[in-house]
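Data first, discussion second: the structure below is written as structure tokens.
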Amino acid sequence: MASKQTLVLVAAALAVAFLPALAAATEHWVGDDKGWTLGFNYSAWAETKQFKVGDTLVFKYSEPSHTVVEVSGADFKTCSKPENSKVLTTGQDQVTLSEAGRRWFVCSVGAHCQNGMKVRIDVLAAEEAAGGPSAMPPPPSSPAAKVQARLAQAVLAVTAVIAAVLAF
Ligand SMILES: *[C@@H]1O[C@H](CO)[C@@H](O)[C@H](O)[C@H]1NC(C)=O
Ligand SMILES: [Cu+2]
């Protein structure tokens with residue numbers, strides 16, 4: 001049977017191997033310290049940022065002054081909101097960017113969208129954001145493979161914790 005020390009070393013090595021990918025996720029406060037508000041140019045803001053798969057957006061505002069609604073590109077242009085849209089209203093709304101592609105968010109209060117409370121987010125695949133295909137192994141392509149990869153990471157994390165507990 002492997003000694004506790006060996007287990008700890010293996011767990012530490014695995015944790016080191018996987019931590020960079022986990023730690024690289026960024027939480028973006030939309031509008032930075034200004035938050036989600038009127039009188040702010042969110043197009044200009046988004047241009048200065050890089051969004052990648054796994055990152056999170058946080059819309060901060062004093063509710064109920066504003067809302068966050070995800071819309072289509074067409075609805076973004078015209079500032080319209082389909083009837084059945086999900087409206088976020090907590091004042092600290094979090095949105096996980098779980099896949100690459102373009103997403104659009106608006107405020108549905110009054111004419112706030114027309115007045116600039118709208119933001120387009122271009123989400124890059126993690127390896128694009130890291131500077132090219134060579135920077136990281138390509139992500140698993142099928143949904144099943146993605147779930148397997150997530151599971152593998154979870155198992156590693158649990159293993160590391162168990163090993164750490166055994167060590168003390
Ligand atoms: C916001 O910034 C973008 C990009 O910098 C610019 O093209 C646009 O005209 C600005 N919009 C307003 C309303 O100032
Ligand atoms: Cu608003």
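One-based numbering, in listed order, for ligands and for the atoms of each.
Tyr42 has its ring centre no less than 6.0 Å from the ring centre of Trp104.
By the 6.0 Å and 45° rule, Lys60 stacks over the aromatic ring of Trp29.
The nearest protein atom to atom 11 (N) of ligand 1, hydrogens excluded, is given as Asn41 ND2, 2.9 Å; this is a heavy-atom distance.
Of the protein's heavy atoms, at least one falls inside 4.0 Å of atom 3 (C) of ligand 1. Within a 4.0 Å radius of atom 9 (O) of ligand 1, the protein contributes no non-hydrogen atoms. Counting only heavy atoms, the protein gets under 4.0 Å from atom 14 (O) of ligand 1.
Residues Ser108 and Thr67 bring a donor and an acceptor atom of their side chains to less than 3.5 Å of each other. Side chains of Thr78 and Ser80: a donor on one and an acceptor on the other come within 3.5 Å.
Seen from the Cu ion (ligand 2), atom SG on Cys107 and atom ND1 on His66 lie at an angle near 130° (rounded to 10 degrees). Vertex the Cu ion (ligand 2); arms to Met117 SD and His112 ND1; angle rounded to 10 degrees, 100°.
Taking any N or O of Ser43, backbone or side chain, none lies under 3.5 Å from an N or O belonging to ligand 1.
Sparse packing is recorded around NZ of Lys77, with 12 or fewer heavy atoms of other residues, nucleotides or ligands lying under 6.0 Å away.
Not one N, O or S atom of Cys113 sits under 2.8 Å from the Cu ion (ligand 2).
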Could you check Val71 against Phe105 for side chain to side chain contact (heavy atoms under 4.5 Å, CB included), going step by step and ending with a plain yes or no? CA-CA 6 Å; Val71 296; Phe105 300 91; over 6 Å; no
Steps toward salt bridge (Lys or Arg N to Asp or Glu O under 4.0 Å) verdict (Glu70, Lys86): CA-CA 7 Å; Glu70 181 161 15; Lys86 184 173 160 205; over 6 Å; no
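Every atom of ligand 1 with a heavy atom of Ala44 under 4.0 Å away is listed here by number and element: 2 (O), 5 (O).
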